[in-house]
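All heavy atoms count here, side chains included; hydrogens, waters and symmetry mates do not.
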Amino acid sequence: MKITLITVGKIKEKYFTDAIAEYSKRLSRYCKLEILEVTDEKTPDHASEALENQIREREGERVKKLLKENAYVIALAIDGQAMTSEAFASRMEKLGIEGESHICFLIGGSLGMSESLLKCADERISFSKMTFPHQLMRVILLEQIYRGFRIINHEPYHK
């Protein structure tokens, strides 16, 4: 299976880079992992709602250019379906059984994702009602994908 993460913004802190490298290494035995980054827009303080929408749209257009037609797209969105780690693993396994060989996860920038980008997704999932920095969310997502493969393969994992 191929897993692609398309994310808005770069990783700036070394500890996030190290964690991403570690999970990428761990995942290499389960899938082909690809992480693609698009540039985030600078958001001025006290930006209007209209400006924030324009920023989301510009970032979303960059993400859309990287979407592959054959990929099953899952957007990380606060209004998405919440699930346990076991349910997440089951969902990944079911997609594989149904013939989806490429799953693409989308992580938006600091303002979230545009509606037009969210409409490109086959489904939306939520890790929490809370908002997380996109850099940290990348680590959390990779950890859950790794945990999901461990669960699918009946290997031990920390509960």
Is a donor from one side chain sitting under 3.5 angstrom from an acceptor on the other, for Gln144 and Ser85?
yes
Side chain of Asp122, backbone of Val73: donor and acceptor closer than 3.5 Å?
yes
Tell me the salt bridge (Lys or Arg N to Asp or Glu O under 4.0 Å) pairs involving residues 47-60, sequence neighbours left out?
Glu41-Arg58
Grab the two heavy atoms, one from Ala121 and one from Ala75, that are nearest each other, plus how far apart they are.
CB-CB, 3.8 Å
Val8 to Gly109 - nearest heavy-atom pair and separation
CB-N, 3.5 Å
In sequence, state the C-alpha distance, the side-chain angles, and the governing distance for Met1 and Lys32, and then conclude on side-chain contact (heavy atoms from CB on, under 4.5 Å).
CA-CA 6 Å; Met1 177 175 281; Lys32 182 176 188 281; over 6 Å; no
Minimal non-hydrogen separation, Ile125 against Met83, with atom names
CG2-CE, 3.6 Å
Between CG on residue Leu111 and CG on residue Asn53, distance to nearest 0.5 Å
9.0 Å
Drop me the distance from Phe105's CZ to Tyr72's OH, to the nearest 0.5 angstrom.
10.0 Å
Smallest separation among heavy atoms of Ser128 and Ile78, with atom names:
O-CG1, 3.7 Å
How far apart are the closest heavy atoms of Cys104 and Leu67, and which atoms are they?
SG-CD2, 4.0 Å
Quick check for you: to the nearest 0.5 Å, what is the distance between Leu36 atom CG and Lys68 atom NZ?
7.5 Å
Could you go through Thr4 and His102, starting from their C-alpha distance and side-chain angles, then the distance that decides it, and tell me whether this counts as side chain to side chain donor-acceptor pair (under 3.5 Å)?
CA-CA 8 Å; Thr4 300; His102 185 187; 2.7 Å; yes
For Asp79, does its backbone N or O pair with a side-chain atom of Arg124 as donor and acceptor, under 3.5 Å?
no
Could you walk me through whether Leu33 and Ile35 satisfy the side-chain contact (heavy atoms from CB on, under 4.5 Å) test, starting with their C-alpha distance in whole Å, then the side-chain angles of each, then the deciding distance to 0.1 Å, before giving a yes or no?
CA-CA 7 Å; Leu33 178 66; Ile35 300 174; 4.2 Å; yes
Which one of Arg26, Arg147, Arg150 satisfies the salt bridge (charged side-chain N to carboxylate O under 4.0 Å, His left out) criterion with Glu155?
Arg150
Between Val63 and Leu106, does a side-chain contact (heavy atoms from CB on, under 4.5 Å) hold up when you go through it step by step?
CA-CA 8 Å; Val63 170; Leu106 306 180; 3.8 Å; yes
Steps toward salt bridge (charged side-chain N to carboxylate O under 4.0 Å, His left out) verdict (Lys65, Glu61)
CA-CA 6 Å; Lys65 288 178 183 174; Glu61 289 304 315; over 6 Å; no
Less than 4.0 Å between a side-chain N and a carboxylate O, is that true for Glu123 and Arg91?
yes
Check: Ser90 side chain, Glu86 main-chain N or O, donor-acceptor pair, under 3.5 Å
no
Any non-hydrogen side-chain atom of Ile3 less than 4.5 Å from a side-chain atom of Leu27?
no
How about NZ on Lys12, more than 12 heavy atoms from neighbouring residues, nucleotides or ligands closer than 6.0 Å, or not?
yes
Please round to the nearest 0.5 Å and tell me the distance separating atom NE2 of His134 and atom CG of Asp40.
5.5 Å
Run Lys64 and Cys120 through side-chain contact (heavy atoms from CB on, under 4.5 Å) and show every step you take.
CA-CA 8 Å; Lys64 287 181 201 175; Cys120 292; 4.0 Å; yes
Students often mix this up, so state it plainly: with edges at 30° and 60°, are the rings of Tyr146 and Tyr30 parallel, tilted or perpendicular?
perpendicular
Lys119 bridged to Glu115 by N-O distance under 4.0 Å:
no
Heavy-atom closest contact (Met92 atom, Ile145 atom, distance):
CE-O, 3.7 Å
So that I can tick it off, tell me whether Arg138 and Glu37 are bridged by a salt bridge, with the cut-off set at under 4.0 angstrom between side-chain N and carboxylate O.
yes
